[in-house]
There are 2 protein chains.
Amino acid sequence: MTRGPKPALKARKTPVQSRSRVTVDAIFEATIQVLLREGMRALTTTRVAERAGVSVGTMYQYFPNKQALVYALNERYLDALAGRIEATCAEMRGAPLAEMAEALIDTYWTAKTERAEVTRALYRSVVELDNDALLQDFATRADAATTAMFASAPDMADRDAPTLNLTLAAVIYGTVRNAFERGLSDKDARRLRRNLADMCQAYLAVKAEHHTGAIAWSTS
Amino acid sequence: MTRGPKPALKARKTPVQSRSRVTVDAIFEATIQVLLREGMRALTTTRVAERAGVSVGTMYQYFPNKQALVYALNERYLDALAGRIEATCAEMRGAPLAEMAEALIDTYWTAKTERAEVTRALYRSVVELDNDALLQDFATRADAATTAMFASAPDMADRDAPTLNLTLAAVIYGTVRNAFERGLSDKDARRLRRNLADMCQAYLAVKAEHHTGAIAWSTS
DNA sequence: TCAAGATATGAAGGAACATTGAGCTTTTGG
DNA sequence: CCAAAAGCTCAATGTTCCTTCATATCTTGA
């Protein structure tokens, strides 16, 4: 399913000495900093190199062009994020749906929030056309994990796993992003997060009633 | 509350003859087309002018610079969107919460979907740093309208209007955007939309029980 | 210790763009 | 019908930025 990067976006060379590994990390970090402080429009190769404390040429030893740098940055992040989602899904296999939803919210929210500046910086970099494929791949991978998780729930009744996944995934990911973009106060953020969880619970409970005839949410 | 555009982003001249009104429209339309087909990176003044069938200079008679063009485009769109939300809120004043939520979903979803390409094009243009202010203004305006609407509901009980608004707004706007970005089939889109509505209903019903002791959702 | 490979430098080339302004055409109002 | 205002054109300007490459320095393994 993974499309793999277009040739023009592949890394040019892989660091082998530890010195260069440090360099590449510095370049990534510098990219985030510039993105954060100056925005996508000011993300120039020179500025990144400068902030990373290396020369422009060095950058071009590891990335064939500027786009590839942004691509790699997003790839790194999305890969880690997908990994965390998969871990959560593995851990929650067989749990009740409500707990799964709660755990998913927790994982996603934490991932976006713990280094909020990074998240913000990356949101600014996703305009690049070719990153679309990257996002699609991430979505596919995450959906596979969550759908499988949901399918393993004891209280799935006769629900359709892909549909349930579509709903919960869209609501959770969408809401978290929206919350993020609003720049909420800590208090509001906590409140919203709780309410989002409550909302998923309520939805699952009503569906349960529908499907089993039992009132499930009162067992909290 | 409206910050108003920075001086560098204000329109240079307002069309007075009908000929120029056509021109400005063509420029806006061309901007959308270019954004759609080639992405933000290829949005150059020459390309826009070319597609609009005018010369570059003409563009500069109405917009002091490229950024201002993008700014104006977003402004136009967000203003219309806010207007529609306000209209819905006015119309639903005094209705039950569940109907309000349903109506809000309907308005927002329709607005985003009816000219999906435009929405998609604009999402691609929001990287510009100064558009942040525009989005904030939109959020403020929309939140004012929806909060007032919610406050007028007969079944508000002892809920806190701003908090309820925060929750529903974030969930609805966030989910619609996420749905949009997934490029769903018509069938899946309809399904998700229905489930989102159900979810809001379920949430409101449980809260109602909490607040009034009555089971409200079974009256569907 | 030393040669081969890895890594780093930064000035220079060259393409792509945003923006201007002097001059031309069309519309308007009287 | 005509002068003033509005609208339009496009070649030229100057800047910004990506990318390369010849050269220099550092690291590794034998």
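Proteins get letters first, then strands, A, B, ... in listed order; numbering begins at 1 in each. Fair warning: this is a prediction, and the values are worked out from it, not measured in the lab.
- Contact annotation: A:Tyr60 side-chain N/O to D:dT20 OP1/OP2 distance is not under 4.0 Å.
- Nucleotides of DNA chain C nearest to A:Val56 and B:Arg47 differ in position, and the one nearer the 5' end is that of A:Val56.
- Applying the 4.0 Å criterion to OP1 and OP2 of C:dC17, one finds that B:Thr46 has every side-chain N and O outside that range.
- In this structure, B:Gln61 places its CD atom 11 Å from C1' of C:dG21, rounding to the nearest Å.
- With rounding to whole Å, A:Leu69 atom CG is found 11 Å from D:dT19 atom P.
- Taking a 4.0 Å limit (strictly below) on heavy-atom distances, residues 19-35 of chain A reaches DNA chain C at A:Arg19, A:Ser20, A:Thr23.
- Counting only heavy atoms from C-beta on, B:Asn65 has its side chain closest to C:dT19 among C:dT9, C:dT19, D:dT19.
- Here B:Ser55 does not reach the OP1 or OP2 of D:dC8: none of its side-chain N or O atoms lies under 4.0 Å away.
- Within a 6.0 Å radius of CZ in B:Arg194, more than 12 heavy atoms belonging to other residues, nucleotides or ligands are found.
- Ionic pairing of B:Arg84 and B:Glu114 is present here: one or more N-O contacts between side-chain nitrogen and carboxylate oxygen are shorter than 4.0 angstrom.
- For the pair A:Glu38 CD and D:dT16 P, the computed distance is 14 Å after rounding to whole Å.
- Between B:Gln17 atom CD and D:dG7 atom P the separation is 5 Å, expressed in whole Å.
- Ring geometry, A:Phe28 versus A:Phe63: the interplanar angle exceeds 60°, so the pair is classed perpendicular (tilted spans 30 to 60°).
- A:Arg191 has a carboxylate O that lies under 4.0 Å from a charged side-chain N of A:Asp188, or vice versa, which qualifies the two as a salt bridge.
- Rounding to whole angstrom units, OH of residue B:Tyr62 and P of C:dT20 are separated by 16 Å.
- Salt-bridge check for A:Asp25 with A:Arg21: failed, with every basic side-chain N at 4.0 Å or more from each acidic carboxylate O.
- In this structure, A:Tyr173 has its ring center under 6.0 Å from that of A:Tyr108.
- OP1 and OP2 of D:dC17 both lie 4.0 Å or more from every side-chain N or O belonging to A:Thr45.
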